[in-house]
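Reviewing the structure listed below.
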Amino acid sequence: MPLSVATWNINSVRLRMPIVERFLVENAPDVLCLQETKCVDDQFPSAAFRKIGYRHLAISGQKGYHGVAIVARRPIEVVERRRFCDKDDCRHISVRVPVGDKSVLLHNFYVPAGGDEPDPEINWKFRHKLDFVAEMNAVRAEHDANSASILVGDLNIAPLEHDVWSHKQLLNVVSHTPVETESFEAMRKAGSWVDLMRHNVPYEQKLYTWWSYRARDWEASGRGRRLDHIWSSENLLPVFSGYDILRDARGWEKPSDHVPVIARFDIG
DNA sequence: ATGGTCGAGGGTCGA
């Protein structure tokens, strides 16, 4: 019986419940990590999740902005709601997922988008994004014989050349600037995380999880970016059995600009 | 060339 973990920036959980339910019914991941829930915990549609079998909830929301949550069909225990950059933004929550006599520590992140101007001197949002990623260096892929770690979320950075539709045209666009991609990869390596979506995938293969709302036709324009990620500790590689990017979800009714990603592990 | 579209909230701001 595998363990499956999904991540999805849904850009308002209340508005998006119809397609979130569709995704859960059709794909039945054990755990779904959500970002940009955009509501306080009292407004989170907990009853609707419980009704379709997702009875275990870990929520960290705030009014109007940001917000993360984890919903699961199996028990989870909240470990931490970590603050970053000395702010009260709800951008992280971690849970422990018992898997037989072992357990997985699961981090769910929503990294700041960073604004439009890629200059930390004149754009405090970009400064905040760089500081946030630097602070993530402390989040390591903890593991031992009985435990492993997974880190997912909207990390708002497309690190590799083929994680964007045009490397050259996006080099000065926030999400793909060298200062971001280099610090991002340094942070990932410092934590000993494995980028599962690129594991055994050809370097030249384009991978996208996000398409802008600002295109007349997202599909025709083809201008995507890989902003959502699934990482794990190295000891999960032997049981990692693959993943899917639910590209079709970008064309559903009232879509998010991000699509879900699901990873599967042959454990539990 | 430098828009374009969403969501929350009700103040435009954040993405």
Side-chain angles (χ1 to χ4, degrees), chain A residues 7-23 33-45 48 59-69 83-92 108-120 122-133 152-159 163-166 168-177 179-181 184 208-229 247-261:
Chain A
T7 181
W8 196 5
N9 177 321
I10 31 79
N11 189 11
S12 172
V13 68
R14 289 174 293 174
L15 191 69
R16 225 62 76 187
M17 266 320 274
I19 61 169
V20 172
E21 290 186 38
R22 173 176 174 183
F23 167 72
C33 297
L34 298 166
Q35 303 89 35
E36 279 207 274
T37 52
K38 290 188 172 179
C39 67
V40 296
D41 296 359
D42 286 348
Q43 296 177 333
F44 192 86
I59 309 167
S60 181
Q62 66 185 87
K63 185 178 179 180
Y65 306 108
H66 323 314
V68 290
R83 295 173 76 257
F84 284 80
C85 302
D86 208 29
K87 289 175 175 286
D88 289 322
D89 292 355
C90 296
R91 296 184 178 276
H92 168 270
N108 178 17
F109 271 97
Y110 176 49
V111 171
D116 289 331
E117 182 57 56
D119 181 347
I122 61 174
N123 174 13
W124 69 267
K125 293 177 194 171
F126 195 67
R127 175 81 268 156
H128 178 217
K129 183 179 195 176
L130 297 178
D131 290 345
F132 193 101
V133 171
V152 308
D154 175 6
L155 306 186
N156 265 319
I157 293 174
D163 291 337
V164 294
W165 63 276
S166 170
K168 282 185 180 175
Q169 286 179 259
L170 289 170
L171 273 172
N172 201 35
V173 173
V174 171
S175 75
H176 194 63
T177 64
V179 65
E180 289 172 273
T181 59
F184 184 87
Y208 308 144
T209 64
W210 174 91
W211 291 263
S212 173
Y213 280 129
R214 298 180 189 180
R216 285 194 195 89
D217 184 333
W218 69 274
E219 198 162 25
S221 79
R223 296 181 173 188
R225 304 179 202 171
R226 184 170 71 113
L227 302 180
D228 303 273
H229 298 269
R247 186 178 182 278
D248 287 354
R250 185 61 181 80
W252 289 355
E253 187 83 8
K254 296 271 289 177
S256 169
D257 45 356
H258 297 253
V259 298
V261 186

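Proteins come first, then strands; the chains are lettered A, B, ... in the order of their sequence lines, and each starts at number 1. In what follows, every heavy atom counts, from backbone to side chain, and hydrogens, waters and symmetry copies are set aside.
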Q) Separation of A:H258 atom NE2 from B:dT5 atom P, in whole Å? A) 18 Å
Q. Quick one: A:D116 CG to B:dT5 P, roughly how many Å, whole number?
A. 16 Å
(Q) If you apply the rule salt bridge (charged side-chain N to carboxylate O under 4.0 Å, His left out), what do you find for A:D89 with A:K87, and how did you get there? (A) CA-CA 6 Å; A:D89 292 355; A:K87 289 175 175 286; 5.3 Å; no
Q: Nearest-nucleotide wise, let me know which of A:N9 and A:Y213 is further upstream toward the 5' end of DNA chain B.
A: A:Y213
Q.
Does the plane of the ring in A:W252 sit parallel, tilted or perpendicular to the ring in A:W8? Use 30° and 60° as the thresholds.
A. perpendicular
Q | For the student: nearest non-hydrogen atoms of A:V174 and A:R225, plus distance | A | O-NH1, 3.6 Å
Is there any protein nitrogen or oxygen under 3.5 Å from a nitrogen or oxygen in nucleotides 10-14 of chain B, and what are the pairs?
from	atom 1	to	atom 2	distance (Å)
B:dG14	OP2	A:K125	NZ	3.2

**Q.** Nearest-angstrom distance from the residue atom CD of A:E36 to C1' of B:dT5
**A.** 14 Å
Q) Between A:D154 and A:N156, which heavy-atom pair has the shortest distance, and what is it? A) OD1-N, 3.1 Å
Q) Mapping A:G115 and A:L15 to their closest nucleotides on DNA chain B, which lands nearer the 5' end? A) A:L15
Q | Interatomic distance, A:N172 CG vs B:dT2 P [rounded to whole Å] | A | 16 Å
Q: List in chain and number order the residues that pass side chain to side chain contact (heavy atoms under 4.5 Å, CB included) with A:D217, two or more places apart in sequence or in another chain; answer none if no residue qualifies.
A: A:E219, A:A220
Q.
At 4.0 Å (heavy atoms only), tell me whether A:R223 reaches a base, stays on the sugar-phosphate, or touches nothing.
A. nothing
Q.
How many whole angstroms separate atom CZ of A:R216 from atom C1' of B:dT2?
A. 13 Å
Q) With sugar-phosphate meaning primed atoms plus P, OP1 and OP2, does A:K254 contact a base, only sugar-phosphate, or nothing at under 4.0 Å between heavy atoms? A) sugar-phosphate
Q) Could you walk me through whether A:R16 and A:S256 pass the side chain to side chain donor-acceptor pair (under 3.5 Å) check? A) CA-CA 8 Å; A:R16 225 62 76 187; A:S256 169; 5.2 Å; no
**Q.** Test item: A:K38 and A:N11 side chains (from C-beta on) under 4.5 Å apart, heavy atoms
**A.** yes
Q: Using atom CZ of A:F126 as one end and atom C1' of B:dA15 as the other, report the distance to the nearest whole Å.
A: 15 Å
(Q) Distance check, P atoms only: B:dA15 and B:dG9, in whole angstrom units. (A) 15 Å
**Q.** Nucleotide B:dA15, atom C1' - distance to CG of A:D154 in whole Å
**A.** 10 Å
Q. Is A:R16 near enough to B:dG7 that one of its side-chain N or O atoms lies under 4.0 angstrom from OP1 or OP2?
A. yes
Q | Euclidean distance, atom CD of residue A:Q43 to atom P of B:dA8 [Å, nearest integer] | A | 10 Å
